[in-house]
Structures are given as structure tokens and as C-alpha cells.
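Read through the structure below, which is laid out as C-alpha cells, and then see the notes.
A, B, ... follow the sequence lines: proteins, then strands. Residue 1 opens every chain. All figures in this text were calculated on a predicted structure; none of them were measured in a lab.
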Amino acid sequence: MTRPVVTRFAPSPTGQLHIGGGRTALFNWLYARGRGGKFLLRIEDTDRERSTPENTDAILRGLRWLGLDWDGEPISQFERRDRHAQVAHDMLARGTAYKCFSTPEEIAAFRAEAEARGSYAVFQSPWRDADPATHPDRPFAIRMKAPRSGETVIDDAVQGVVTFRNDQLDDMIVLRSDNTPTYMLAVVVDDHDMGVTHVIRGDDHLNNAARQTMVYQAMGWQVPVWAHIPLIHGPDGKKLSKRHGATGVFEYQLMGYPAAGVRNYLTRLGWAHGDAEIFTTEQAMKMFDLSGIGRAPARLDFKKLENICGHHIAMMEDAALLQELTAFLAVSGRPALTKAQSDGLLRAMYCLKERAKTFPELLDKARFVLESRPISRDAAAEAALDTVSRGILKSLTPQLHNATWDKETLETILNDAAAAAGIGFGKLAQPLRAALAGRMASPSVFDMMLVIGREETIARLDEAAA
RNA sequence: GGCCCGUUCGUCUAUCGGUUAGGACAUCUGGUUUUCAACCAGGCAAGAGGGGUUCGACUCCCCUACGGGCUGCCA
């Protein structure tokens, strides 16, 4: 009963990594990693029409960006089709499946007729108990011989005990007439072969779990622990769609959210552990459990995402921040930093990371250290540099030439200068900020002066005063 | 149509029969301040509706409403 935990994430490569899929992967990853278990990846690429290698790559990139690593190589479901077919034939041999010679046309006709009558009975193949001697010589599908009475019970770690009446479930096809496996069969076989102990997936699969349980039972395999988590909805409470904007993990990366923040936010979306809100991944792994997962769909809230990301940027090590920022620059198609710029950024990081929630915001506040003279100024900065202000700046530089370059001394000098000019410090800080940063939102003027140094400070003041 | 799941402040959620229903984000007010961000203090704000069970229900059961999922030789 205490098997080592094995979880998996099994995306279809029919598009990029969806934010909901990212969260499903995250939950699986947290659960496994928090228990010293394994987290596996399986690409459900049996739909040859819609699956592409590009999509697979995009999904792997998305997972890597989220910081989710997997054990071993990703498994291709398509490549395991022979094994799936073999299991279907095993079921045939065991008598838990049968050959069905009904054609898709016949089945469609049955459904159409049933619908016309206003009834919605499940299709019951006439071949279920047919004498093999009567089998025609034509292609057949293999159907599972599902129990027709009794019930199938799912003991779900999130949804609780869910009971299905067996007479509601039809004999699903496990192997198509072209010998390709259906999803219902493939998942079970793969999960079993991969040793998956806990299936954590979207609750759109809850109904499927009943039929899949039947396959496990038909093969005499141990049924995994199910955990069906609710889907993520858009801010308006509707199912997430393109119309909501950011549906892909990649888009979050492009918007400049730090991965640790997105991970934290996603972990909290639909899962809670008391009042825990801001936590590291290590803490999340320790706290995460299936019982903390909610049963109602959660809505995306960008305000909260931003808030959490702000905390994480502030918590991150300067070097790690620079590294992730550099990666952000690359994927978002922005110019890379020069050596001088990243050095400057590193020196300024202490006063930048406390005031940014996203990388674009951090970059914006970092312009004073990223730019070199002449400093470009926006309209507000230009307005702050009126004649009087220029005069004050000009009178400041001689004192700066001889000052000890530390915060205390600079504070004294600037405060005295403001007093001498008969203005409050705020009035002095404005033109200073305009001169040093070229914009009115920046770190403290003292921090900026310390970071860029005496020479550069004086040069910028001269430039602004001219 | 049938089956299944869900419903606590605007949002994410805590509560696992007894609480002034707690926290976080957002929002509002005041404070601090050198802009931005932040920070401090405080305010507003919730158990979908109706029946039960119980001394007592957000919590257990039933019904209704609303939302979602499944009902494929898609995954």
C-alpha cells in the first residue's frame, strides 16, 4: 500500500501548454517531488491529425520555464500502439472484451433512431454474446465487455466517493477496427506500465475514471488513486478560452512574470493550506497534499498574480533575478544587456527588486542604470526641470565634488541645499530624479547616486542644468 | 434527455456540528514618504434558494436554481 509515489502529466500536443495544464502538471510535480516520488511525462500523440512535434517542444519548454522537471524521457503514446493492441487482445483472451462487427454507420443509425424517439439509450452491440461461429469475415473493433449491472465506485481524493451505475456505461471500444487503440485503453495501459500510482488530472475526466476502472479490473491491475481537480476559469467565471487573452503558459512568460511567482500563484489557485499565501517551492512541496484541493473551479485573478510575483521578485537572489531577466529579454525579443548594463543592474538590484512586480516594471525603474548619457527624458521629467530647478542643480555640483560618497553625507548635502533654497526636500528630489533617471518614477535619489557614482551623477546634473 | 461534479466577501480561500464566519488580493479611509513600489492603522464585504436531521447547521440529507463535465471507432 505504501508504494513509492509516481505521478504523470499527459498532455496532447495539439497546442501550446495551457495554463490549466500547467497547473495540473504543477500539482502532479509537487505531489511527487514532495514525497520523493517520480514525476513522469507522457505525450498523448495518438491523434495524428492534430499532434505536432512543434507543439510537443512548446509544451516541454513551458514545463521547463515553470521549473517542472520530469524523470526519464517523455513517453510517446503513439509509439506504444502495439502494446495497447496486445492488451486489447489479452482482454479478448480473458473474455473481458469481444469482437464487435457493427459498423460506425450502423451505430450512428442506432443513435439517430434513438434520438428521434426521444430516448438516449447507450448502444448495446449485438455481438457481445454472439457465437464466434457466426462471426463474419470482416474488420471488427474490440469492445470491452463491461458489467451491465451493479455499480462502479470511484474513491476520488478530491471529489470523494462517486458512484456510477454500470447500466449507464456502454461497452466502450478499446481497439478500433483499424487496430489503433482508443484513448480509454491507452491511458490505462500506459499508466499501468509506467507504474503510475496517483492520477491527478482535470475533472473533465471524472466520468472517464469509471470506465477506466473497468479496464483495470478487466486486466486485474491495481487501480491508481484518482484526484480530479477542477478546471481553471477566466476572470468572468466562464471556461477559459482565447477570448480571455492569456491561456498559454508561454504568454505569462512573455508578460514578464517570474516563474516562481507564477508557480506560487498557480499552486494557490484551487489549493490551500490554512492561511499560507506566499511560499517558496520547497515549502510548497512540503505542504502540498491532495486533501487541500478545492472542488469548485477557480478564476484567474491577474491582480493577485502580480502581487505574488512582486513578493517573489523581492525575495529572489540578485544573480538569479538577473539570470531570469536576461532570459525574459531573449524570449520577448528585447535587446540583450551589455556587460556594463548587467553589471550596473546587479549593483542596483537591491533598490529595484523591492519595487517591481514584473520584469518590464523592473526594467522601467532600472533605466537610470541601463541608460548612458544623454539621458532621454519623458514629458514629466522635462517639466520638472524648469529654470529655477536647473539653477539649484547647478549650485549642487561643487559640493558633490568633495563629498564623501555615502548615503549619510549625501543626505546632509541635499537636505541643506533644499533648506538653503527655501524648499522642501521633495521639491529638490523632483528635478534631481528628472536629471538622474529622466523620468519621475525611479528608486530613491540617494540610491541612484550611489549606484551610478559621483562622476556620473555630476555629469547628469550638469547635463540637465545646461 | 440521461449520468456525474460543483455553489462561503468582487476574486483566491479557511472552517471539517457550537467562531463576533478567519486570512490574502482588490477596493475605500487615514498615516508615513522623495516619485514609483512598499509599509503601518482602520473600514466595506460572504455561506445560491427552499425544506429537513439536530439542543445547535456554512458544515449532514433531500429538492430547486444556476454553472460545468461526460454521454465518439477524439484525447
Electrostatic pair [X]:[Y] at N-O distance under 4.0 angstrom:
| X | Y | result |
| --- | --- | --- |
| A:R165 | A:D167 | yes |
| A:K286 | A:E282 | no |
| A:E354 | A:K365 | no |

Closest approach to the side chain of [X], judged atom by atom: which nucleotide of [options] is it?
| X | options | result |
| --- | --- | --- |
| A:A296 | B:C3, B:U35, B:G6 | B:G6 |
| A:A272 | B:C4, B:A14, B:U34 | B:A14 |
| A:H311 | B:G23, B:U13, B:C39 | B:C39 |

Under 3.5 Å donor-acceptor, [X] side chain and [Y] backbone:
| X | Y | result |
| --- | --- | --- |
| A:R143 | A:Y98 | no |
| A:D171 | A:A146 | yes |
| A:T182 | A:I173 | yes |
| A:N415 | A:E411 | yes |
| A:D406 | A:T409 | yes |

Have a look at [X] and say if it touches a base, only the backbone sugar-phosphate, or nothing, with a 4.0 Å heavy-atom cut-off.
| X | value |
| --- | --- |
| A:R433 | base |
| A:V445 | base |
| A:E277 | base |
| A:S51 | nothing |
| A:F164 | sugar-phosphate |
| A:G270 | sugar-phosphate |
| A:P443 | base |
| A:K357 | sugar-phosphate |

[M] and [N], which share atom name [atom1], separated by this distance in whole Å:
| N | M | atom1 | value |
| --- | --- | --- | --- |
| B:U59 | B:G1 | C1' | 34 Å |
| B:C61 | B:C74 | C1' | 39 Å |
| B:C70 | B:C63 | P | 24 Å |
| B:U13 | B:U7 | C1' | 14 Å |
| B:C44 | B:U27 | C1' | 8 Å |
| B:U53 | B:A21 | C1' | 22 Å |
| B:A24 | B:C40 | P | 10 Å |
| B:C9 | B:C4 | C1' | 29 Å |

For [N], which nucleotide in any strand shown is its Watson-Crick or wobble partner with both distances under 3.5 Å?
| N | value |
| --- | --- |
| B:U19 | none |
| B:U54 | none |
| B:U7 | B:A65 |
| B:A41 | B:U29 |
| B:G1 | B:U71 |

Rounded to whole Å, please give me the gap between [atom1] in [X] and [atom2] in [N].
| X | N | atom1 | atom2 | result |
| --- | --- | --- | --- | --- |
| A:D364 | B:A37 | CG | P | 12 Å |
| A:W271 | B:G23 | CH2 | P | 19 Å |
| A:D275 | B:A14 | CG | C1' | 6 Å |
| A:H312 | B:A38 | NE2 | P | 15 Å |
| A:I232 | B:C5 | CD1 | C1' | 17 Å |
| A:E361 | B:U35 | CD | P | 17 Å |

- Task: Report yes if a donor N or O on one partner sits less than 3.5 Å from an acceptor N or O on the other, where the partners are the side chain of A:K365 and the base of B:C36; otherwise report no.
- Result: yes
- Less than 3.5 Å between a donor and an acceptor, one on the side chain of A:R268 and one on the base of B:C12, is that the case here? yes
- Query: Taking for each residue the nucleotide of RNA chain B bearing the nearest heavy atom, is the 5' side occupied by A:V161 or by A:G274?
  - Reply: A:V161
- Sorted by position of nearest nucleotide on RNA chain B, 5' first, the leading residue of A:R165 and A:A298 is A:R165
- Note on the structure: Letter by letter from the 5' end, nucleotides 61-75 of chain B scores (B base, S sugar-phosphate only, - none; protein heavy atoms under 4.0 Å) --------BSSSBSB
- Task: To the nearest 0.5 angstrom, please state how far the OG1 atom of A:T247 sits from the CD1 atom of A:I232.
- Result: 11.0 Å
Side-chain donor/acceptor pairs under 3.5 Å, residues 440-449 of chain A, sequence neighbours excluded:
residue, atom, partner, partner atom, Å
A:S442, OG, A:R433, NH1, 2.9
A:S444, OG, A:F446, N, 3.1
A:S444, OG, A:D447, N, 3.3
A:D447, OD1, A:Y350, OH, 2.8

